[in-house]
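Report on the structure given below.
Residues: numbered from 1 along the sequence shown. First listed ligand is number 1; within each ligand, the first listed atom is number 1.
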Amino acid sequence: MIIDGKTRTCGLIGNPVEHTLSPVIHNTLAERLGHHMVYVPFLVEEGRLADAVKGADALNLLGLNVTVPYKSEVIASLRDIDTLAKNIGAVNTLVKTEGGYKGYNTDMEGLYRAMDSEGIRIEGEDIILLGAGGAARAVAYLCASKGAQKVYLLNRTLEKAQTVAGEVNRTIGRDVIVPMTLGDYTKLPDRKFLAIQGTSVGLSPKVEDVVIADQAFYQKIHTGFDLIYSPWETRFMRLVKENGGAAYNGLKMLLYQGIIAYELWNDVQVSEEDAMIVYEKMKAHFI
Ligand code: ATR
């Protein structure tokens, strides 16, 4: 990679940032596509987020990704926000515009593209979604806005599922999200579902944790999609496979959220061939 006077800088702001795979995504693409762009991690300490965004603007940074714990807090520092990101209430990508940054949520479009690349459809589907935290809430909104028939939102705490369902249904204007407790899976219609695992349960190092351990639950799943990608195969995925379903981890979601951010920053379309080259590089970090 040649860094010269025309090189533009992008980066990741969050805390922590040292384990990020995003530099692999963006620097590989910049090199392959010949863009004068470099991507670096920036650790932002608690209480310094607004300063960081102001400083980035002053330094004319082309764009930023935003990760934990700043995806909601960053909204206050934006000049403009995309509608999807606004409705989700979380921003993971900033794009430089005249006078400040515009915020986007490429996590959810990334999940959508990752599922599409595996032939998994949302439109018209009945979907089981596990969890009601920030990530699951965004997935609930994605499913609703992409035309899912019903989303059965199963959560340990029913009240949180009810809150998410209420918010998303109100925004979408139809009763698509159905809040339930984890044990309520026995009440689901007798058929097979796409299930999305949207909690951090099962994340390394607690790889044996799973939200629902009951085998009977997994017999209801034809396809399982876990947002987690470390470990490469979660216990949720293993249980789906043991019961005859197909299972996918969240690495392609990470890939495509990055690709969509790259496309926004550089005003290009990244080909599937280039996407797969990046994916192979990312995968090498796991297997
Ligand atoms: P976020 O996406 O906001 O980062 P998270 O903290 O990763 O969310 O995960 C929160 C979700 O995981 C919640 O749905 C939580 O259930 P509660 O709403 O009942 O707290 C769920 N969760 C966390 N630990 C769990 C466990 N041991 N069993 C079942 N669900 C759990």
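Any N or O atom pair closer than 3.5 Å counts here, and Ala135 shares at least one such pair with ligand 1. Taking any N or O of Gly134, backbone or side chain, at least one lies under 3.5 Å from an N or O belonging to ligand 1. The shortest N or O to N or O distance between Ala132 and ligand 1 is below 3.5 Å.
From the protein, the heavy atom lying nearest to atom 10 (C) of ligand 1 is Gly133 CA, 4.2 Å. If you check which protein heavy atom lies closest to atom 19 (O) of ligand 1, you get Thr157 OG1, 2.4 Å. The closest protein non-hydrogen atom to atom 21 (C) of ligand 1 is Thr199 CG2, 3.9 Å.
Inter-residue side-chain proximity for Tyr152 and Pro189 is flagged as met; some heavy-atom pair is nearer than 4.5 Å.
Put simply, atom 4 (O) of ligand 1 has no protein non-hydrogen atoms near it, under 4.0 Å away.
Aromatic ring centres of His35 and Trp265 lie farther apart than the 6.0 Å criterion allows.
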Discussion item. Between Asp274 and Arg32, is the salt bridge (charged side-chain N to carboxylate O under 4.0 Å, His left out) condition met? List the steps.
Written reply: CA-CA 8 Å; Asp274 286 327; Arg32 273 193 70 75; 2.5 Å; yes
Item to complete: Quick one: do Tyr256 and Asp116 satisfy side chain to side chain donor-acceptor pair (under 3.5 Å)? Show the steps, please.
Response: CA-CA 11 Å; Tyr256 285 107; Asp116 189 56; over 6 Å; no
Worksheet item: Yes or no on side chain to side chain donor-acceptor pair (under 3.5 Å) for Thr20 and Glu18, after CA distance, side-chain angles and deciding distance?
Response: CA-CA 6 Å; Thr20 178; Glu18 61 261 36; over 6 Å; no
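For ligand 1, the atoms closer than 4.0 angstrom to any heavy atom of Ser200 are 5 (P), 7 (O), 9 (O). With ligand atoms numbered from 1 in the order given, ligand 1 contributes 14 (O) to contacts under 4.0 Å with heavy atoms of Gly131. The ligand atoms of ligand 1 that sit less than 4.0 angstrom from a heavy atom of Lys160 are 17 (P), 18 (O), 20 (O). Within ligand 1, the atoms closer than 4.0 Å to a non-hydrogen atom of Val201 are 22 (N), 23 (C), 24 (N), 25 (C), 26 (C), 31 (C), numbered from 1 in the order shown.
Side-chain contact annotation: Asn27 with Tyr39, donor-acceptor N/O pair under 3.5 Å absent. The closest side-chain donor-acceptor pair between Thr171 and Asn87, if any, does not fall under 3.5 angstrom. Judged by distance alone, the side chains of Asn249 and Glu233 never bring a donor and an acceptor atom under 3.5 Å apart.
When non-hydrogen atoms are compared, ligand 1 lies under 4.0 Å from the backbone of Arg156 as well as from its side chain. Contacts between Asn155 and ligand 1 below 4.0 angstrom, taking non-hydrogen atoms only, involve the side chain exclusively.
By the 6.0 Å and 45° rule, Arg137 does not stack over the aromatic ring of Tyr141.
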